[in-house]
Amino acid sequence: MIEQRKLSEGEALCLLDTQGVIAVSGTDRLTWLHSLLSQNLKNLGPGESTEALLLDPQGRIEQVIKVIEDGQITWLLVDHANTEALLGWLQKMVFRMKVEITDQSAKFATVGATKEFPEISFVSSGHPLIWKDNWPGVVGGGYRYSSRSVNHSWFEHLVEVSRLDEVLAGKSMAGTMAADGLRVAAGRPKAINEVDEKSLPHELDLLSTAVHLSKGCYRGQESVAKVHNLGHPPRRLTFLHLDGSEHALPDVGDEIRVLGEDKTRGKITSVAQHFDMGPIALAVISRSVPEDAELEVVGKNGSIAATQEVIVPQSAGSVANIPKLPKLNLGAKGK
């Protein structure tokens, strides 16, 4: 808790879990990536960063990608377990485009903090490689469903592994559990936790930071637009305050039920202890669960009571507000 408070106040750094780092160079790189991913990348300027999604044809999330541009190279950061899959897919999509793709994962470590430390970052083409998290803001072309007010500032610095000991010497450090607690408190989804094979960006409020709704064609665009304008996502991300009286935390994957019911309505995706809020969690639950319903988490630690703080509301989607056509009464005679 002391480490987490220091990290929150910008007085500590956190050496994060290994990430995959892919460098894309060549004159066509931004136009090419723009055509493949959900974000507007062709206008990304040197020193800027953003977030993008690789979707399947049905609009489900395959990859969540952090993007840093230095003017000569576009750097893609992904969960380490997904690096090989993304690298292989990108290489298949090159065709005649002037791009070069290299895996730089072994060269870099990632250091997280709640403020920027350009002095520790690797400098490429004159720009320190720092990814800024825009959550809970809304980037150009994005759309936020949540009205939950949170303070969240987060930066990830690429540091050469060969300089890591030198860079971190004398610095106050916090563990990854401390960093994850700040993320959960902010309601910030993480690919390795909140994303599964069915995930739509709408369910996790990722239209706000990772999708540009007015850009040109990319795989899955039709489904994204249809759900956003005409439909509702079948599930929704919610923040949970957990009952800490039993001094036990649920496990990721534990079932969510409406209090007093036996039916499973979702699952825990992230769990943390927060220095101010106490035990907290993120969960992906059915859209049909009322926003004011009292919930319980059921797992090996028994039943733990939980109250919701809405991230994605039940009303998410259908922003076009097109009224339904009246049904024809074909059974009436003489009409």
Side-chain angles (χ1 to χ4, degrees), residues 31-44 50-67 78 82 85-86 89-90 92-93 134-148 187-191 193-239 265-267 269 282-291 310-328:
T31 302
W32 177 66
L33 289 169
H34 179 88
S35 70
L36 300 175
L37 304 177
S38 63
Q39 190 55 271
N40 182 354
L41 298 178
K42 66 180 180 181
N43 297 320
L44 197 64
T50 190
E51 183 177 34
L53 305 175
L54 175 62
L55 306 174
D56 72 8
Q58 287 73 46
R60 299 186 183 95
I61 301 171
E62 290 189 349
Q63 297 271 6
V64 179
I65 305 167
K66 302 165 186 173
V67 184
V78 294
N82 297 329
L86 179 59
W89 189 82
L90 290 173
K92 291 178 183 178
M93 300 302 293
N134 288 305
W135 188 277
V138 184
V139 301
Y143 190 98
R144 177 166 293 284
Y145 296 127
S146 177
S147 59
R148 182 174 181 255
R188 200 350 166 174
K190 184 178 181 180
N193 291 75
E194 276 65 51
V195 176
D196 60 25
E197 69 281 356
K198 298 179 181 179
S199 294
L200 299 173
H202 320 67
E203 297 175 336
L204 306 177
D205 215 14
L206 286 175
L207 296 188
S208 59
T209 57
V211 177
H212 194 288
L213 292 166
S214 301
K215 62 162 284 195
C217 187
Y218 58 92
R219 191 172 71 172
Q221 179 189 14
E222 295 83 359
S223 294
V224 168
K226 185 176 181 180
V227 173
H228 178 61
N229 289 300
L230 303 175
H232 298 284
R235 303 181 299 177
R236 60 183 183 88
L237 181 68
T238 193
F239 175 86
R265 308 297 290 273
K267 65 178 181 179
T269 55
L282 295 178
V284 175
I285 62 176
S286 170
R287 174 180 169 267
S288 63
V289 175
E291 295 177 7
V310 176
I311 299 176
V312 177
Q314 288 182 292
S315 60
S318 290
V319 299
N321 198 26
I322 297 175
K324 292 183 178 180
L325 293 174
K327 293 183 179 180
L328 296 175

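FYI, side chains are in, hydrogens and waters are out, and symmetry mates aren't considered; it's all heavy atoms of this structure.
- Counting all heavy atoms, side chain and backbone alike, Val289 lies closest to Gln314 at O-NE2, 3.3 Å.
- From Gln221, atom CD reaches atom OG of Ser38 across 10.5 Å, with rounding to the nearest 0.5 Å.
- Although no hydrogens or angles enter the test, the distance criterion places a donor-acceptor pair under 3.5 Å between the side chain of Ser318 and the main chain of Gly231.
- Distance CD/Gln39 to OG1/Thr209: 8.0 Å, rounded to 0.5 Å.
- By the 4.5 Å heavy-atom criterion applied to side chains, Pro136 and Arg148 are not counted as neighbours.
- No side-chain heavy atom of Lys42 sits less than 4.5 Å from a side-chain heavy atom of Ser35.
- Between Leu207 and the choices Val227, Val224, Val138, Leu53, the side-chain contact (heavy atoms from CB on, under 4.5 Å) rule is met once, by Val224.
- Residue pairs meeting the ring-ring contact (aromatic ring centres under 6.0 Å, His included) criterion with at least one partner in residues 215-236, sequence neighbours excluded, are Tyr143-His228, Tyr145-His228.
- Residues satisfying the salt bridge (charged side-chain N to carboxylate O under 4.0 Å, His left out) test with Arg287, not counting sequence neighbours, are none.
- What you find for Glu291 and Ser315 is that their closest heavy atoms are OE2-N, 4.5 Å.
- In terms of heavy-atom proximity, Gly137 sits nearest to Arg144 at O-NH2, 3.2 Å.
- Summarising the geometry of Leu204 relative to Val312, their closest heavy-atom pair is C-CG2, 4.1 Å, with the distance given to 0.1 Å.
- Within the structure, salt bridge (charged side-chain N to carboxylate O under 4.0 Å, His left out) pairs that include any residue of residues 224-239 comprise Asp196-Arg235, Glu203-Arg235 (at least two apart or interchain).
- Here CG of Asn43 is found 9.0 Å from OG1 of Thr31. Values are rounded to the nearest 0.5 Å.
- A donor-acceptor pair is defined here as one N or O able to donate and one able to accept, closer than 3.5 Å; such a pair exists between the side chain of Trp32 and the backbone of Met93.
- The two residues Glu194 and Thr269 come nearest to each other via the heavy atoms OE2-OG1, 2.5 Å.
- Looking at Lys215, its side chain never comes within 3.5 Å of a backbone N or O of Leu41 through a donor-acceptor pair.
- With sequence neighbours left out, the side-chain contact (heavy atoms from CB on, under 4.5 Å) criterion links Ser223 to no other residue.
- Using a 4.5 Å cut-off on side-chain heavy atoms (C-beta onward), Asn40 and Ser214 make no contact.
- When all heavy atoms of Ser146 and Ile311 are compared, the pair lying nearest together is CB-O, 2.9 Å.
- Every residue two or more places apart in sequence or in another chain that forms a salt bridge (charged side-chain N to carboxylate O under 4.0 Å, His left out) with Arg188 is listed here: Glu51, Asp133.
- Side-chain contact check for Asn193 versus Leu282: every heavy-atom pair is 4.5 Å or farther apart.
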Only distances under 3.5 Å count here; give the side-chain donor-acceptor pairs of residues 59-66 to other protein atoms, sequence neighbours excluded, each with its distance to 0.1 Å.
unit_1 : atom_1 : unit_2 : atom_2 : d
Glu62  : OE1    : Arg219 : NH2    : 2.9
Gln63  : NE2    : Asn82  : O      : 3.2
Lys66  : NZ     : Gln19  : OE1    : 3.2
Lys66  : NZ     : Glu156 : OE1    : 2.9
Lys66  : NZ     : Glu156 : OE2    : 3.1

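- Between the CG atom of Leu206 and the CG atom of Leu237 there is a distance of 8.5 Å, given to the nearest 0.5 Å.
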